[in-house]
Novice: 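So that we are looking at the same thing, I have put the structure below in structure tokens.
For ligands, and for the atoms within them, numbers begin at 1 and follow the listed sequence.
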Amino acid sequence: MPDKKSRPQKRRRHSIITFEMIRLDRTSKEPLHEQLYRQIRDELKSGRFGDGSSRLPSSRTLATDRGISRSTVRLALSRLHAEGYLRSEPGSGTFVANLLPEMFLTADQPKTYHAIQGSVRISDRAKAIPDRRVGNQFDLGATGAGPGVSLVASIPAVDEFPITVWERLRTQVLAKKGVNLLRYSSNRGDADLRKAIAAYLCDFRAARCHPDQIVIVAGMQQAMLLSAMTVLNPGEVAWIEDPCYQQARRVLTLAGVKITPKPIDNQGIVIARSPKELTPRIIYVTPSHQFPLGVTMSFQRRTAVLDFARAHNAFIFEDDYDAEFRFTGPPLPSLQGIDNSGRVIYAGTVSKILCPALRLGYIVAPEPLVDSLVKIRSAMDQHSSPIDQATLARFITEGFFLSHIKRMRKIYAERRDFFIKQFNELLGDRFTLQVPEAGLNIVAWLKREEDFEMIKRITSDIGVRPSALSFFCIQAKLKPAFVFGFAAWTPTQIRESLTKLASALSNRSNDLHHGRQSR
Ligand SMILES: Cc1ncc(COP(=O)(O)O)c(C=O)c1O
């Protein structure tokens with residue numbers, strides 16, 4: 001029991017904060033309760049009232065003093081309560097909390113930072129990834145895939161993405177499924193999405209599959225990594241196209257796989273092999289539209305690859321990244337659709353159809369592989385965002401997916417024709433275009449091989465950045481060429497960039513002609 005003497009003393013220590021500093025601006029866009037909340041919070045954060053004995057004036061007093069309504073005061077105080085700045089003592093009033101929330105949020109700043117002395121040991125796995133880029137050269141957002149007109153290959157027109165529709169569907173799925181979309185969810189992927197994708201692939205890619213064969217993944221790279229980890233042991237052999245999609249090479253190396261590059265001819269991957277070449281466990285191909293050369297794999301080659309895989313107990317990884325954008329006629333059916341022996345692991349991505357930022361893709365796996373793929377996914381990162389998956393499911397089932405593809409196919413066809421015409425007019429004396437039937441990029445072969453280094457330098461100087469074809473080669477020795485993207489830019493932008501390139505090249509030629517050497 002506290003003795004009688006100490007009680008009045010304790011009461012006296014309860015000073016009432018007057019909050020003289022509060023200035024409310026009735027013309028501001030910030031609501032009054034927000035202003036009040038913010039100013040009281042900042043005052044409390046100053047630390048002057050942190051001994052737990054400071055009491056707040058009653059809401060009536062605060063309201064009268066400031067000439068505002070009590071409900072405005074209550075709103076501000078209830079938020080301060082909820083965040084832990086205030087505590088109530090029944091019968092005594094509202095006090096400043098003993099420990100302010102900042103205490104629990106802000107770790108003590110270390111006084112000094114000690115850098116590791118000497119060299120840091122990096123794993124062989126990281127070192128093995130074949131990539132000579134450093135620093136932010138890895139960063140797609142910081143390099144050519146960011147904003148600006150760069151004519152970088154394979155970039156879709158993200159400014160045509162129907163953001164308003166997407167946001168509406170997202171709000172609707174959140175309203176309907178609520179907290180269910182905030183929990184951990186299936187490693188296989190959203191059931192509605194798997195159903196919608198299976199239906200789409202059967203109807204439009206002539207795939208033969210059911211939703212239980214679908215695993216939703218975070219894009220093509222993850223599809224490759226999961227597939228390689230599921231069917232290959234470290235050190236076993238994967239065949240990949242040469243030249244190839246660089247990420248395929250990097251991802252397979254990350255999976256610890258030994259890579260055998262296979263050349264491309266005018267029918268697709270060449271599967272003939274020398275006696276010393278080891279049998280592959282997996283063959284990575286892009287049959288619809290070989291990246292980067294643009295060849296569509298012939299029917300004959302498709303059956304040959306399937307026969308080879310069956311005969312050697314290998315799997316085929318079919319990267320069907322942009323089959324939707326074919327400009328000369330109907331697409332050939334997917335390899336998966338003509339596979340009668342469960343050898344094809346088919347994978348697609350929304351990176352080209354919609355946008356790469358969503359990081360969503362799908363695997364159609366032969367049934368015996370599904371559980372192992374899912375097991376590895378669960379050990380990797382569990383699953384993709386349930387909110388995005390549910391939104392995509394609605395986007396597909398409500399017809400927006402198909403109508404977006406149709407619209408984009410038309411836009412890309414126009415841009416492609418425009419690019420070809422402008423390119424031939426402006427740069428036809430230096431390059432020969434190899435126009436593919438599909439896809440978002442075009443290879444331009446140099447007419448004079450000796451121009452290569454100069455063109456490479458100039459493109460990088462002026463910010464028009466087609467990739468050198470050699471960048472995609474492993475062992476292949478191809479004539480010099482550049483791979484241009486055309487899809488992400490309007491005709492005006494395409495014309496501007498090509499004009500810029502053409503005049504930079506002709507200025508350079510004039511300089512050389514007049515003996516002026518700029519570098
Ligand atoms: C051959 C190929 N596959 C797949 C992709 C897309 O992969 P992701 O789904 O990981 O964005 C690209 C992107 O340029 C590509 O060129």
Novice: Please identify each residue that fulfils salt bridge (Lys or Arg N to Asp or Glu O under 4.0 Å) with Arg188, with sequence neighbours left out.
Specialist: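 Arg188 satisfies salt bridge (Lys or Arg N to Asp or Glu O under 4.0 Å) with Asp371 once adjacent residues are dropped.
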Novice: Taking only heavy atoms of Gly219 into account, list the atoms of ligand 1 that are under 4.0 Å away from them.
Specialist: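 With Gly219 as reference, the close atoms of ligand 1 come out as 9 (O), 10 (O).
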Novice: Is there a nitrogen or oxygen of Phe291 sitting under 3.5 Å from a nitrogen or oxygen of ligand 1?
Specialist: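 Such a contact does not occur with ligand 1.
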Novice: Numbering the atoms of ligand 1 from 1, which are under 4.0 Å from a heavy atom of Arg359?
Specialist: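 Once the distances to Arg359 are compared, the set is 8 (P), 10 (O), 11 (O).
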Novice: Does ligand 1 come near enough to Lys352 that some N or O of the ligand is less than 3.5 Å from an N or O of the residue?
Specialist: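 It does: an N or O of Lys352 is found under 3.5 Å from an N or O of ligand 1.
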Novice: Under 4.0 Å from a heavy atom of Ser154: give me the atoms of ligand 1 that qualify, with their elements.
Specialist: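 Once the distances to Ser154 are compared, the set is 14 (O).
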Novice: Output the distance between atom CD (Glu496) and atom CG (Leu501), rounded to the nearest 0.5 Å.
Specialist: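 Separation between the atoms: 13.5 Å.
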Novice: Please identify which atoms of ligand 1 are closer than 4.0 Å to at least one heavy atom of Thr349.
Specialist: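 Counting from 1, the qualifying ligand atoms are 8 (P), 9 (O).
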Novice: Using distance alone, determine whether Thr286 and ligand 1 share an N or O pair under 3.5 Å.
Specialist: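 Looking only at distances, the answer is no, because the N/O contact criterion of under 3.5 Å is not met.
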Novice: Hey, would you say the Phe395 and Trp166 ring centroids sit under 6.0 Å apart?
Specialist: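 Aromatic pair counts; centres sit under 6.0 Å.
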Novice: From the options Lys375, His383, Gln382, select the one residue that forms a side-chain hydrogen bond (donor to acceptor under 3.5 Å, both in side chains) with Asn187.
Specialist: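 Considering Lys375, His383, Gln382, a side-chain hydrogen bond (donor to acceptor under 3.5 Å, both in side chains) with Asn187 is found only for Gln382.
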Novice: Which one holds for Ser351 and ligand 1: side chain close, backbone close, both close, or neither close, with close meaning a heavy atom under 4.0 Å?
Specialist: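 Within the 4.0 Å criterion, Ser351 contacts ligand 1 through side-chain atoms alone.
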Novice: In terms of residue, atom name and distance, what is the protein heavy atom nearest to atom 3 (N) of ligand 1?
Specialist: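 Here the nearest protein heavy atom works out to Asp319 OD2, 2.6 Å.
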Novice: Could you tell me if Arg415 sits above the aromatic ring of Phe486, with its cationic atom closer than 6.0 Å to the ring centre and no more than 45 degrees from the axis?
Specialist: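 Because its charged atom misses either the 6.0 Å distance or the 45° angle limit, Arg415 does not stack over Phe486.
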Novice: Give the residue, atom name and distance (to 0.1 Å) of the protein heavy atom nearest atom 6 (C) of ligand 1.
Specialist: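 Heavy-atom neighbour on the protein nearest atom 6 (C) of ligand 1: Tyr245 OH, 3.8 Å.
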Novice: Do Leu335 and Tyr346 make a side-chain contact, defined as non-hydrogen atoms from C-beta onward lying under 4.5 Å apart?
Specialist: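 No; the side chains remain at least 4.5 Å from each other.
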Novice: Is the shortest N/O to N/O distance between Tyr321 and ligand 1 below 3.5 Å?
Specialist: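 Looking only at distances, the answer is no, because the N/O contact criterion of under 3.5 Å is not met.
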